[in-house]
Undergrad: 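Sharing a structure here in structure tokens format.
Side-chain atoms are counted along with the backbone in the values below, which use heavy atoms only and exclude waters and symmetry mates. For the single chain, residues carry numbers from 1 onward in sequence order.
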Amino acid sequence: EKEITSLLNKAQASLEQGKLTTPENQSALFYFNQVLEFDLHNQQAKQGVLKVRERLLVLARQKTEQQRWEEAQQLIDKARAIPGALSPILEALGELDSAKAAQQKQIEMRAAQREQKDLEKQDAQQQAAQEREQKLAQARRKAEQEKARAEADREAKIQKLISQASDLEKQPLTEST
């Protein structure tokens, strides 16, 4: 009885210190199991084992929330090794899987958003390049039109000068006395 009380005290102290399963021969689980080896029906030890299991699952949920997947999985695996109801284990595994899937979906959404922004940027760059090309083509056409007009004006002036020269040639020369 004294040894059981001593083991239960050690188990409770380890539980309070967070030594749930490690160090292996000084953990709460170790001490509660030692009590159960002496007295298989000891309710305090049975409840202690369940507390260790529950705390492992609480820690696993915290690790899941922190996106520390491997640590969460290890804690769930430790809890699964302790006899007890399967539903809390399945629930913790479901939460872990859901959190991983949500993170993966978030990663994929961010990648899709980045890709969409890149495409929009490329489209904007292409549109800007097309606008520059259109403006350049308009400027070329305008320059060609102005050149053609200038040549036409020059040609008209030449024709006018030729006409004036021709008219002058037709006029008799008069002497001035």
Side-chain angles (χ1 to χ4, degrees), residues 1-140:
E1 174 98 20
K2 249 184 188 182
E3 188 158 347
I4 288 176
T5 302
S6 173
L7 288 170
L8 286 172
N9 288 337
K10 287 179 181 178
Q12 190 60 40
S14 292
L15 191 63
E16 289 170 6
Q17 294 171 7
K19 297 178 182 177
L20 303 177
T21 58
T22 56
E24 195 171 317
N25 60 352
Q26 295 177 352
S27 69
L29 184 62
F30 172 80
Y31 292 126
F32 286 129
N33 283 332
Q34 289 290 305
V35 171
L36 291 172
E37 284 183 21
F38 286 110
D39 179 6
L40 190 58
H41 302 292
N42 185 294
Q43 288 303 309
Q44 223 178 333
K46 286 182 177 182
Q47 289 300 314
V49 168
L50 291 178
K51 279 183 186 176
V52 168
R53 190 173 195 255
E54 288 169 10
R55 290 231 183 128
L56 288 170
L57 292 175
V58 166
L59 290 172
R61 284 188 176 94
Q62 290 172 351
K63 299 299 181 187
T64 296
E65 289 171 6
Q66 297 167 356
Q67 298 181 351
R68 295 166 71 177
W69 314 128
E70 286 184 32
E71 293 175 49
Q73 185 66 58
Q74 290 170 357
L75 289 164
I76 292 169
D77 291 343
K78 286 181 181 182
R80 187 187 304 182
I82 299 171
L86 187 58
S87 61
I89 300 293
L90 295 176
E91 189 177 303
L93 284 170
E95 290 172 10
L96 177 60
D97 288 342
S98 294
K100 283 181 179 179
Q103 183 193 34
Q104 184 61 34
K105 185 175 181 179
Q106 200 172 39
I107 289 169
E108 290 169 2
M109 283 179 55
R110 285 187 194 130
Q113 288 171 344
R114 276 194 306 274
E115 189 175 327
Q116 180 65 30
K117 283 183 182 178
D118 288 347
L119 289 174
E120 289 171 359
K121 185 177 178 182
Q122 286 176 356
D123 287 348
Q125 288 172 342
Q126 286 176 348
Q127 187 173 355
Q130 287 174 346
E131 288 173 4
R132 282 192 303 271
E133 284 295 322
Q134 288 173 350
K135 287 179 182 178
L136 186 58
Q138 285 175 342
R140 283 187 189 129

Undergrad: Please round to the nearest 0.5 Å and tell me the distance separating atom CG of Leu20 and atom CG of Leu29.
TA: 8.5 Å
Undergrad: Distance from Leu93 atom CG to Leu57 atom CG, nearest 0.5 Å?
TA: 9.0 Å
Undergrad: So which heavy atom on Tyr31 is nearest to which on Asn25, and how close?
TA: OH-O, 3.9 Å
Undergrad: Closest approach of Pro88 and Arg53, non-hydrogen atoms and distance?
TA: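 Looking at all heavy atoms of both residues, the closest pair is CG-NH1, 4.3 Å.
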Undergrad: How long is the straight-line distance from CG of Leu86 back to CD of Glu91, given to the nearest 0.5 Å?
TA: 11.5 Å
Undergrad: Quick one: side chains of residues 98-105, donor-acceptor pairs under 3.5 Å with protein atoms, not counting sequence neighbours, listed by atom name and distance.
TA:
from   : atom 1 : to     : atom 2 : distance (Å)
Ser98  : OG     : Gly94  : O      : 2.9
Gln103 : OE1    : Trp69  : NE1    : 3.0
Gln103 : NE2    : Gln67  : OE1    : 3.2
Gln104 : NE2    : Glu108 : OE2    : 3.2

Undergrad: Using side-chain heavy atoms (C-beta onward) and a distance below 4.5 Å, is Phe32 in contact with Leu8?
TA: yes
Undergrad: Do other residues, nucleotides or ligands put more than 12 heavy atoms under 6.0 Å from the NZ atom of Lys46?
TA: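 Yes, because the 6.0 Å sphere around NZ of Lys46 holds more than 12 heavy atoms from other groups.
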Undergrad: State the OG1-NZ distance between Thr21 and Lys78, to the nearest 0.5 angstrom.
TA: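 Here the rounded value is 3.5 Å.
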Undergrad: I'd like to know if the side chain of Ser6 and the backbone of Lys2 have a donor-acceptor N/O pair within less than 3.5 Å.
TA: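 No; judged by distance alone, with no hydrogens or angles, the pair does not exist.
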Undergrad: Taking atom CG of Asp97 and atom CD of Gln73, what is their separation to the nearest 0.5 Å?
TA: 7.5 Å
Undergrad: Side chain of Arg55, backbone of Leu15: donor and acceptor closer than 3.5 Å?
TA: yes
Undergrad: Are the side chains of Leu75 and Gln62 in contact, using a 4.5 Å heavy-atom criterion?
TA: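 Gln62 does not reach Leu75 side chain to side chain.
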Undergrad: Could you grab the distance from atom NZ of Lys51 to atom CD1 of Ile82, nearest 0.5 Å is fine?
TA: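 So the gap between those two atoms works out to 14.0 Å.
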Undergrad: Is it the case that more than 12 heavy atoms not belonging to Gln34 sit under 6.0 Å from its CD atom?
TA: yes
Undergrad: Are Lys19 and Lys10 close enough, and set up right, to give a side chain to side chain contact (heavy atoms under 4.5 Å, CB included), and what steps lead you there?
TA: CA-CA 11 Å; Lys19 297 178 182 177; Lys10 287 179 181 178; over 6 Å; no
Undergrad: Only pairs under 3.5 Å count here: list side-chain donor-acceptor contacts from residues 114-132, not counting sequence neighbours, and write none if there are none.
TA:
from   : atom 1 : to     : atom 2 : distance (Å)
Gln116 : NE2    : Glu120 : OE2    : 3.1

Undergrad: So, using salt bridge (Lys or Arg N to Asp or Glu O under 4.0 Å) as the criterion, who are the partners of Glu71 when residues are at least two apart?
TA: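 Applying salt bridge (Lys or Arg N to Asp or Glu O under 4.0 Å) to Glu71 gives Lys63, Arg68.
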Undergrad: Shortest non-hydrogen contact from Ala72 to Thr64?
TA: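 That would be CB-OG1, 3.4 Å.
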Undergrad: What heavy-atom pair brings Ser27 and Ser14 nearest, and what distance separates the two atoms?
TA: C-CB, 3.9 Å
Undergrad: Do Arg140 and Leu136 have side-chain heavy atoms sitting under 4.5 Å apart?
TA: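 The answer is yes, as the side chains (C-beta and beyond) meet within the 4.5 Å cut-off.
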